[in-house]
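Read through the structure below, which is laid out as structure tokens, and then see the notes.
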Amino acid sequence: MSTHAPQAAQAVTLPTTLDEAVAALTAMPAAVPVAGGTDLMAAVNSGQLRPAALVGLGRISEIRGWQYLDGHALLGAGLTHARIGRPDFAALIPALAASARAAGPPHIRNAGTLGGNIASAAPTGDALPVLAALEATLIIAGPGGVRRELPVSHLLAGMDLLRPGELIGYVRVPLLHAPQVFLKATGRTGPGRAVASVALVLDPARRGVRCAVGAIAPMPLRPLQAEQWVAQLIDWDNDRSIVPEALNAFGEYVAAACVPDAAPGEDGAVPPLPPAVLHLRRTVAALARRALGRALS
């Protein structure tokens with residue numbers, strides 16, 4: 001956070017409802033919405049962003065909680081990482097709670113929000129691979145009280161972007177009632193930005209495994225073929241057991257899909273991966289293997 005007053009904001013609006021916030025953004029197209037401000041203030045302080053106006057979302061109580069709805073959890077975009085990481089939420093969506101607890105030091109977790117993590121779409125956002133693996137969807141609030149829904153993955157991939165005046169209001173997450181795991185590797189000890197992360201969830205009703213790898217690309221990557229392959233090897237009818245060799249193979253499968261070999265040269269030979277890339281592939285393989293092992297244990 002800044003130790004000096006930024007010169008960027010000429011006006012600050014503090015709405016108390018989601019529709020009021022949308023109306024403010026519609027009336028001031030150059031305004032920037034701000035919740036926790038953990039990413040926004042870093043951009044302002046570095047000179048990358050100079051917003052003409054701010055629309056503060058901190059007073060909108062309707063997006064700071066969650067509710068159950070048709071087998072899903074409807075999560076307000078204003079939920080902080082600290083709130084998501086608490087035990088009562090962890091019993092609901094364990095992998096998302098684990099990612100929230102890994103989001104950084106206490107002052108970041110207390111301020112940063114779920115909606116901000118999605119809207120900023122930073123590759124290292126810890127919640128993003130979890131939401132991708134859970135196949136979560138967003139409920140977008142637009143002008144005139146309009147609501148529309150789109151998959152989180154579509155927004156992160158740029159397939160469907162927020163339109164003028166729109167805000168992320170809620171995140172709809174299916175409640176799978178099955179093991180979920182989030183793991184990440186950092187470049188240093190303690191909480192920090194992920195070098196690579198893996199979210200893995202089991203979906204017993206569909207006899208499926210869903211995995212997403214974060215931090216190594218602009219958006220979370222889903223190794224779909226690896227998911228389908230390993231799901232066929234799990235004994236879903238008994239204790240969800242799997243042979244140890246399959247765990248290692250799954251890790252390698254995920255890593256090869258997300259950190260592929262270099263393109264062949266003119267002579268058809270495949271050049272070796274640079275040491276840093278090879279290390280990243282090994283890291284992804286280890287995370288995927290451990291995540292599946294923990295989910296099945």
Side-chain angles (χ1 to χ4, degrees), residues 1 9 12-26 28 31-42 51 53-122 125-128 130-131 134 136-143 145-150 152 155-156 162 165-175 180 182 191:
M1 301 296 289
V12 178
T13 303
L14 299 173
T16 58
T17 71
L18 195 55
D19 286 331
E20 285 179 3
V22 169
L25 289 172
T26 303
M28 299 182 293
V32 175
V34 55
T38 54
D39 290 326
L40 178 94
M41 292 309 300
L54 297 177
V55 176
L57 309 179
R59 295 185 179 180
I60 306 177
S61 59
E62 64 189 283
I63 61 172
R64 299 183 71 84
W66 72 83
Q67 58 183 298
Y68 300 100
L69 184 66
D70 299 328
H72 291 70
L74 196 61
L75 312 178
L79 279 169
T80 64
H81 301 310
R83 185 67 189 88
I84 293 172
R86 285 167 53 173
D88 58 339
F89 193 98
L92 189 71
I93 311 174
L96 193 56
S99 72
R101 291 192 294 267
H107 69 278
I108 295 294
R109 298 198 304 272
N110 288 334
T113 63
L114 179 61
N117 210 220
I118 299 167
S120 63
D126 291 320
L128 303 186
V130 179
L131 296 175
L134 289 168
T137 58
L138 303 175
I139 296 178
I140 307 299
V146 173
R147 300 290 187 268
R148 68 185 182 99
E149 194 164 342
L150 74 149
V152 170
L155 180 67
L156 298 178
L162 293 180
E166 287 189 331
L167 276 173
I168 299 172
Y170 302 92
V171 183
R172 188 194 300 272
V173 178
L175 297 177
Q180 305 174 8
F182 171 79

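Values reported hereafter were calculated over all heavy atoms of this structure, with side chains retained and with hydrogens, waters and symmetry mates removed.
Taking every heavy atom of both residues into account, Met28 and Ala53 meet most closely at SD-CB, 4.2 Å. Here the shortest heavy-atom pairing between Pro33 and Leu25 reads CD-CD2, 4.0 Å. Contact record, Gly56 with Pro15: O-CD, 3.1 Å, taken as the closest heavy-atom pair. Heavy-atom minimum distance, Val55 versus Ala24: CG2-CB, 4.1 Å. Of all the heavy atoms in Ala127 and Leu96, the pair that sits closest is CB-CD1, 4.0 Å. Of all non-hydrogen atoms in Thr80 and Arg109, the two that sit nearest each other are CB-O, 3.7 Å.
We find the OH-CG distance between Tyr170 and Leu114 to be 13.0 Å, quoted to the nearest 0.5 Å. A distance of 12.0 Å separates OG1 in Thr113 from CG in Leu75, rounded to the nearest 0.5 Å. Rounding to the nearest 0.5 Å places CD1 of Ile139 at 5.0 Å from CD of Glu149. Distance OG1/Thr17 to CD1/Ile60: 6.5 Å, rounded to 0.5 Å. The CH2 atom of Trp66 sits 4.5 Å away from atom CG of Asp88, with the distance rounded to the nearest 0.5 Å. Summarising the geometry, atom CG belonging to Leu167 is positioned 8.5 Å from atom CD1 belonging to Ile140; distances are rounded to the nearest 0.5 Å.
When each of Asn117, Val130, Leu128 is tested with Ser99 by the rule side chain to side chain contact (heavy atoms under 4.5 Å, CB included), just one qualifies, namely Val130.
Residue-environment remark: CZ (Arg59) stays at or below the threshold of 12 foreign heavy atoms within 6.0 Å.
Ion pairing between Asp126 and Arg101 fails under the 4.0 Å rule for side-chain N and carboxylate O.
With a 4.5 Å cut-off on side-chain heavy atoms, His72 and Thr137 do not count as touching.
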Could you walk me through whether Leu155 and Ile168 pass the side-chain contact (heavy atoms from CB on, under 4.5 Å) check? CA-CA 11 Å; Leu155 180 67; Ile168 299 172; 4.1 Å; yes

